[in-house]
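A short write-up of the structure that comes next.
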There are 4 protein chains.
Amino acid sequence: MKKQRPKYKQIIEAAVEVIADNGYHASQVSKIAKKAGVADGTIYLYFKNKEDILISVFEEKMGQFIEQIVDSISNKNNANDKLLTLIEMHFRQLTADHHLAIVTQLELRQSNAELRQKINQILKPYLVVIDDIIAEGTEQGIFRDGLNVPLIRQMIFGTLDEIVTNWVMKEQKYDLAEQAPVVHAFITDGLSVKHKH
Amino acid sequence: MKKQRPKYKQIIEAAVEVIADNGYHASQVSKIAKKAGVADGTIYLYFKNKEDILISVFEEKMGQFIEQIVDSISNKNNANDKLLTLIEMHFRQLTADHHLAIVTQLELRQSNAELRQKINQILKPYLVVIDDIIAEGTEQGIFRDGLNVPLIRQMIFGTLDEIVTNWVMKEQKYDLAEQAPVVHAFITDGLSVKHKH
Amino acid sequence: MKKQRPKYKQIIEAAVEVIADNGYHASQVSKIAKKAGVADGTIYLYFKNKEDILISVFEEKMGQFIEQIVDSISNKNNANDKLLTLIEMHFRQLTADHHLAIVTQLELRQSNAELRQKINQILKPYLVVIDDIIAEGTEQGIFRDGLNVPLIRQMIFGTLDEIVTNWVMKEQKYDLAEQAPVVHAFITDGLSVKHKH
Amino acid sequence: MKKQRPKYKQIIEAAVEVIADNGYHASQVSKIAKKAGVADGTIYLYFKNKEDILISVFEEKMGQFIEQIVDSISNKNNANDKLLTLIEMHFRQLTADHHLAIVTQLELRQSNAELRQKINQILKPYLVVIDDIIAEGTEQGIFRDGLNVPLIRQMIFGTLDEIVTNWVMKEQKYDLAEQAPVVHAFITDGLSVKHKH
DNA sequence: AATGAATGAGGGTTCATTCAT
DNA sequence: AATGAATGAACCCTCATTCAT
């Protein structure tokens, strides 16, 4: 399996760095090869073409990203805690790997229609996680009934995404992770059942 | 003034269409010139370079976009109505001009770092409009005190932006404008002072 | 019309020379451009791709080649004289333009299946000229009846082609044109000793 | 001796097939290795480089080709019968091995100047066979005196070669071997009507 | 002001060959 | 002897921009 071989990971890591530093279009394959310490041609033993590198970067990194979040959520037992944890993990992981943050928030938007479809496919499991939390919250009676789940999910994801993008574009000058509780409060107070007398 | 001359607008309109139809990367200057009915060289009498066309497209279109929203808001007298109107107008305008929707939500994201900075500059007045509504709502006592305004604004903008992007990517198969009240409810219920006894 | 513009001919002439000197595969587009005194990109204003240069070279040169032969034949009034003239002209023209000789006899065989079809299309008028001479000779009673015309034509063309190829590969060290009468005699009379009464 | 080892023949046979199936330019060394059931590197234990494979293909196959013809001719006792037999065998062998026919008539022509020289070297014994028949025919008084032997040989070879090439390009839709007597008649007797008493 | 022919820099990809195992 | 992963040189073509008319 190609993905097990050491050079595969080498190239992926090199690609993330090179793309984060130079932007997708200024990231020549030869630059990635150099950073990875392999020959140009070697890239093509592991990836179909340049676009495939980008997809694979996202696939690998996003896979880990989602896995981490799912793991962290699994031992929380109500939707509120899960949502807070998701937000924290989302922010924390991108804080920890700023190359990845730049790639996901900025460079990946470079993509053409076809690539965008693939990225959305990869992103889907994450959106499902959010959907599940919403459904669970509703069952638990802590979120309203009758929510338009896809719409709410878009709003949650859009909120997180925009906040991270702003943070990346401001060159990560402030602490992203500490925003989590406020963001969570914004979202849940909108979702929560109101306690009236 | 160049911007007054008829060919300026012709080129801007052609650029929006060409980009929406072909995608950012397949939008050569010569294609825009052809659609605009001018010679390739003529483009450079009106625009410094290709990037300048794109910035100008966004400038012109976003200027009108914001102006429309400001106009519509001006005769509302509370932050809640203003916010609802802003959301409605945001959705309605992009619904009405689907070329513009594609360009702003998908194609223009594919630009390089520098262009992205400029686009954000142009977007600023819109963000100020949102900031003003938040401030006004707080003053009027209908939004909470002590809000982190830039953060809230990011959440609002991120919410709208993600919803429109999803709608564009689903090829505008449903009615975007009718989502406005639900979106507004999500946002304001989060923001609103809770009425406890 | 592109073919009328001076650069078109410049490029064609440069291509013939460069291909004759270096062989088709060592004939980089940039080399042809340099010899023609134009920029690399200019080539692509006149030709679709590298293969198109080759086809056009053959088209142009072969067009003239055939035209010359047809002209020379037209004022001969029997098939024998026509055939002799065709052979003479075939040899004489390739003798006069040794770059062309190299390209047609050696480099053009480089072609892939698709290109070969196109070359055959271009060659067709020449083969028709040969067919006509055979038919005329038969009508005039100087060639046998019941000839398999396509086969005879292949034999005639193959004969001329092989002789020229040998001459090119021997680096044109002897006089090709002076072979014409012997070749003509072989074609018309064959190898055998004649039995006359 | 390398040529005795089993993989040598395997690679040669694979090369003929791969070239016939894919064309000269799409015949990568790795494809030949795969078809031969050996590793890429193994090729270089038997052949100096890619060109050496091609030369060896031609050498091996042409060696057999000529041997067959020489054998068949040896028990004929006049030049006319020998010539007819040569033509028949030439046609028959290429009919029997259509991969070889494609390779010799089409694909191998696409080679570079140097390779072509070597191929001609290999072809030489065949040309000598033809020369010998011509000389014998003259001695026997059945061919004319004073023939320009190399020229006549070129005409004979060119005739056969062109006929086979046409047949290959027409995708071998008709029976090549049955043309032999007509071709022989053309060569020996020419086009002209014979004047017998 | 307008044209559009000409420019030429730049990069993704292929594939014959090598060499450590 | 055999493998096959790794190498890296080589080249066609695109397209933003210029400039003579």
Side-chain angles (χ1 to χ4, degrees), chain A residues 2 5-8 10-11 25-34 36-53, chain B residues 2 5-8 11 25-34 36-54, chain C residues 2 5-8 10-11 25-34 36-53, chain D residues 2 5-8 11 25-34 36-54:
Chain A
K2 276 182 184 173
R5 283 187 277 168
K7 303 220 164 164
Y8 181 84
Q10 264 174 61
I11 295 167
H25 281 106
S27 294
Q28 298 90 330
V29 171
S30 62
K31 230 181 234 171
I32 295 174
K34 198 168 188 181
V38 301
D40 292 16
T42 305
I43 300 272
Y44 292 88
L45 298 176
Y46 294 89
F47 302 91
K48 223 171 58 252
N49 51 36
K50 192 182 171 185
E51 187 180 300
D52 189 31
I53 304 175
Chain B
K2 279 182 182 175
R5 284 185 278 165
K7 301 209 167 166
Y8 181 85
I11 295 167
H25 284 110
S27 292
Q28 298 86 341
V29 171
S30 63
K31 229 179 231 170
I32 296 173
K34 196 169 186 182
V38 301
D40 292 16
T42 305
I43 299 270
Y44 291 86
L45 299 174
Y46 293 88
F47 301 91
K48 213 168 72 251
N49 50 34
K50 189 181 177 182
E51 190 181 299
D52 189 29
I53 305 174
L54 299 175
Chain C
K2 276 181 183 173
R5 283 188 275 168
K7 304 219 162 164
Y8 180 84
Q10 263 174 61
I11 296 167
H25 281 108
S27 295
Q28 297 90 332
V29 172
S30 62
K31 228 180 237 170
I32 296 174
K34 198 167 187 181
V38 301
D40 290 18
T42 304
I43 300 272
Y44 292 88
L45 298 176
Y46 294 89
F47 302 92
K48 220 170 62 251
N49 51 35
K50 192 183 170 183
E51 188 181 300
D52 190 31
I53 303 174
Chain D
K2 278 183 181 172
R5 285 186 277 167
K7 301 210 168 166
Y8 180 86
I11 295 166
H25 284 109
S27 293
Q28 298 86 343
V29 171
S30 63
K31 228 180 230 168
I32 295 172
K34 196 169 188 183
V38 300
D40 292 17
T42 305
I43 299 270
Y44 290 86
L45 299 174
Y46 294 87
F47 301 92
K48 215 169 71 248
N49 51 33
K50 190 181 177 183
E51 189 180 299
D52 189 29
I53 305 175
L54 299 175

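Computation of the quantities below employed the complete heavy-atom set of this structure, encompassing side-chain atoms and omitting hydrogens, waters and symmetry-equivalent molecules. Every chain is numbered from 1, with letters handed out A, B, ... down the list of sequences.
Summarising the geometry, the separation between OH on B/Y46 and P on E/dT3 is reported as 9 Å, rounded to the nearest angstrom. Atom CD1 in C/I32 sits roughly 11 Å away from atom C1' in F/dC12 (whole-Å rounding). Separating the CD atom of A/Q10 from the P atom of F/dA5 is a distance of 16 Å, rounded to the nearest angstrom. In this entry the distance linking NZ of C/K34 with P of E/dG8 reads 12 Å, nearest Å. Going from atom CD1 of C/I43 over to atom C1' of F/dC15 covers 16 Å, rounded to whole Å.
Heavy-atom minimum distance, D/R5 versus D/L45: NH2-O, 4.4 Å. Of all heavy-atom pairs between D/I11 and D/I32, the closest is O-CG2, 4.0 Å.
Ring-plane geometry between A/F47 and A/Y8 is classed as parallel, the angle between the planes falling under 30 degrees on a 0 to 90 degree scale with a further cut at 60.
Base pairing annotation: F/dA1 forms no Watson-Crick or G-U wobble pair, as no partner gives both donor-acceptor distances under 3.5 Å. Shown here, F/dG8 forms a base pair with E/dC15; the pair counts as Watson-Crick or G-U wobble because both key distances fall under 3.5 Å.
Listed nucleotides: F/dT7, F/dA1, E/dT3. Nearest to the side chain of D/L45: F/dA1.
Phosphate contact (OP1/OP2 of E/dA5, side-chain N/O of C/K7, threshold under 4.0 Å): absent.
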Contact string for nucleotides 13-21 of chain E, one letter per nucleotide 5' to 3', B = base within protein heavy-atom range under 4.0 Å, S = sugar-phosphate only, - = neither, reads BBSSBB---
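To the nearest 0.5 Å, atoms CD (B/Q28) and NZ (B/K34) are separated by 11.5 Å. For the atom pair NZ of A/K50 and CD1 of A/I43, the computed distance is 11.0 Å after rounding to the nearest 0.5 Å.
Partners of D/E51 under the salt bridge (charged side-chain N to carboxylate O under 4.0 Å, His left out) rule, at least two apart in sequence or in another chain, are D/K118.
If you check every strand for non-hydrogen atoms under 4.0 Å, C/F47 touches nothing.
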